[in-house]
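Just so we're clear, the structure is a prediction, and the values are computed from it rather than from any experiment. Convention: sequence-line order gives letters A, B, ...; per-chain numbering from 1.
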Protein chains: 2
Amino acid sequence: MTKDAAPSAAGRPRLSGAPTGSPRQDIIREATALFVAKGYAETTMSEIARSAGLRQSSLYYWFARKEHILQALLEENRSSLALAAALEGQSGPAAPRLYAVLHADAMQLCSAPLDFYEFERVARSQPQNFGAFFDDYAALHRLTASIVRQGAESGEFQAVDSEDAATAALGLNEGLQRHYRQPLPGLRSYSAEQVSQLSADTTLARLLAASGNLAAVRAEAADIAAGWSAAAES
Amino acid sequence: MTKDAAPSAAGRPRLSGAPTGSPRQDIIREATALFVAKGYAETTMSEIARSAGLRQSSLYYWFARKEHILQALLEENRSSLALAAALEGQSGPAAPRLYAVLHADAMQLCSAPLDFYEFERVARSQPQNFGAFFDDYAALHRLTASIVRQGAESGEFQAVDSEDAATAALGLNEGLQRHYRQPLPGLRSYSAEQVSQLSADTTLARLLAASGNLAAVRAEAADIAAGWSAAAES
DNA sequence: CAGACTTTCAATAACTTATCGAAAAGGCGT
DNA sequence: ACGCCTTTTCGATAAGTTATTGAAAGTCTG
């Protein structure tokens with residue numbers, strides 16, 4: 001009944017004669033490529049079907065709605081939340097932990113198959129299917145605010161409202177990922193690493209009480225992120 | 001030939017019998033209301049026609065494409081660029097001038113009929129019609145970077161890359177206007193004034209060499225903006 | 001080998017943006 | 001008064017979109 005990853009040879013054969021190896025995964029893969037190239041709204045079910053080797057109406061056997069393809073695609077990209085959850089409860093200075101979280105979130109926004117805002121638009125039109133998206137966002141915001149609060153209480157950061165600071169930090173990530181994906185004509189264009197660094201640098205420079213430490217914070221953050229991803233492998 | 005704002009009684013009468021007073025303005029007004037309420041993509045030409053009191057196909061007599069309505073609507077919102085142009089060449093400390101520009105830009109993004117990103121999406125799909133949009137953006141970015149550079153050279157600001165700082169400042173404005181328009185569930189919601197202040201505060205706090213001056217900068221910026229808009233009236 | 005199950009397909013409904021030619025008025029010259 | 005030109009609106013329709021439906025074409029199981 002789950003009809004997931006079933007390389008069975010059953011069912012009516014395709015007109016195209018294309019070999020049917022896990023149609024669900026094939027569709028997701030082809031749809032991802034098209035979403036990356038043209039965006040979600042501009043990609044039609046007919047195009048996805050053509051790329052995946054079946055007819056437009058056959059697509060609806062695997063995904064009853066276009067949004068469901070996006071939903072299936074979403075459930076792979078949640079690593080920055082896991083990092084934030086791990087680092088929030090950790091002891092030690094807040095600055096490198098915050099830097100690591102913000103940098104990882106920005107990198108994920110840049111490398112995700114869909115623009116954050118396009119994704120948010122679809123999620124908002126189907127709240128019952130995309131509740132996890134909003135839950136994840138709220139969780140990330142809460143963890144970010146918590147790390148900011150830790151830094152403010154220890155004197156490492158300036159005295160700021162932690163919720164406002166988290167909103168600004170995440171909002172900056174979102175605003176800058178756009179500049180990575182769609183550079184505006186006449187402006188410098190950035191790599192994913194460059195926008196992530198610019199975003200995290202900007203937020204930390206605003207928060208740190210002693211502003212000279214930024215380079216050290218950045219280095220420590222890199223260590224933390226490397227250590228965490230190594231630990232996550234095992 | 002310009003067929004603009006022509007309250008002539010000529011032409012075939014409407015089936016709806018509605019009084020025909022400047023159809024072009026009527027359409028823009030009704031379309032604006034619908035765009036604000038539902039967004040651009042979700043508003044159909046049929047709905048606009050119904051609100052304006054004519055048939056869907058008759059709309060195309062006044063606007064050959066849906067984007068043209070948006071384009072007509074755009075040509076009213078360019079005040080923050082004018083402010084930036086006025087303040088960039090002005091003497092005196094950079095901080096309050098930058099604050100005033102960023103705050104005004106954020107307020108405009110919040111009060112505009114369309115979400116910045118939705119507008120950008122349409123503009124990108126019709127670059128030949130929306131070149132002014134990209135020109136304005138590039139100009140605003142250049143002026144912002146110029147003010148940042150003035151502050152950095154005078155020692156008022158920290159030593160930063162002025163282009164990066166401008167990108168981050170404007171990106172933060174854009175990211176935060178989204179939080180004003182569409183508050184995410186579980187997060188605090190902001191008024192237009194609150195997000196504008198949060199955005200400008202955050203950028204200035206990051207840039208100022210002496211971080212205690214923020215409240216004074218904010219007050220000076222309000223004076224500057226008030227003086228400028230009074231001067232613009234005459 | 002018969003029936004059940006799985007997968008694909010063509011046809012079609014309902015909606016969208018956009019085009020086209022005809023229709024319905026007013027204004028104007030004669 | 002009459003025909004003609006211009007302006008404006010309309011209905012019909014094309015081409016594209018997402019999504020539904022019932023039938024068709026295979027494999028698998030008892």
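For the pair B:Glu120 and B:Phe133, the minimum side-chain heavy-atom distance is below 4.5 Å. With contacts defined as side-chain heavy-atom distances shorter than 4.5 Å, the pair A:Gln194/A:Gln197 does not qualify. Looking at heavy atoms from C-beta onward, A:Pro23 lies in side-chain contact with A:Arg14 at the 4.5 angstrom threshold. Side-chain contact between A:Arg97 and A:Glu88 is absent, with no heavy-atom pair separated by less than 4.5 Å. The side-chain heavy atoms of B:Leu140 and B:Val101, taken from C-beta on, include a pair separated by under 4.5 Å.
For the residue pair B:Tyr180 and B:Cys110, the shortest heavy atom distance occurs at CE2-O, 3.3 Å.
Taking atom CD on A:Glu47 and atom P on D:dG16, their separation rounds to 12 Å, with Å as the unit. When the P atom of D:dT18 is taken as reference, atom CZ of A:Phe63 falls 15 Å away, rounded to whole Å. Nucleotide C:dT7 holds its P atom 10 Å from the CZ atom of A:Arg14, rounded to whole Å. As a whole-Å value, the separation of A:Arg24 CZ from C:dT7 P is 12 Å. For the pair B:Tyr40 OH and C:dT16 C1', the interatomic distance rounds to 12 Å; values are reported in whole Å. Rounded to whole Å, atom P of C:dT17 lies 15 Å from atom CD of A:Glu42. Computed from coordinates, the B:Met45 CE to D:dC10 P distance equals 14 Å when rounded to whole Å.
The aromatic ring centroids of B:Phe35 and B:Tyr40 lie less than 6.0 Å from each other.
Under the 3.5 Å distance criterion, the side-chain polar atoms of B:Glu118 are left unmatched by any main-chain donor or acceptor of B:Asp115. The backbone N or O of B:Phe116 lies less than 3.5 Å from no partner atom in the side chain of B:Arg181, so there is not a single donor-acceptor pair.
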| Base versus backbone protein contacts along nucleotides 24-30 of chain C [heavy-atom cut-off under 4.0 Å; B, S, -] | BBS----
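Across residues 48-58 of chain B, B:Leu54, B:Arg55, B:Ser57, B:Ser58 each have a non-hydrogen atom less than 4.0 Å from an atom of DNA chain D (numbered order).
Here the side chain of A:Thr44 is nearest to one of D:dT9, D:dT17, D:dG11, namely D:dT17. In this structure, of D:dG11, C:dT17, C:dT8, it is C:dT8 that holds the atom nearest to the side chain of A:Trp62.
Distances shown here put a side-chain N or O of A:Tyr61 below 4.0 Å from the OP1 or OP2 atom of C:dT7. Contact between the side-chain N/O atoms of B:Tyr60 and the OP1/OP2 oxygens of C:dA18 is found at a separation under 4.0 Å. Close to D:dT18, at under 4.0 Å from its OP1 or OP2, lies no side-chain N or O of A:Arg65.
Judged by distance alone, the side chains of B:Glu174 and A:His179 do bring a donor and an acceptor atom under 3.5 Å apart. A:Tyr99 and A:Asp201 are linked by a side-chain donor-acceptor pair at a separation below 3.5 angstrom, with hydrogens and angles left out of the test. Using a 3.5 Å distance cut-off with no hydrogens or angles, the side chains of A:Tyr117 and B:Tyr117 do pair a donor with an acceptor.
Note on the helix from C:dC1-D:dG30 to C:dT30-D:dA1: angle between the axes of the first and last five pairs equals 30°, rounded to 10 degrees.
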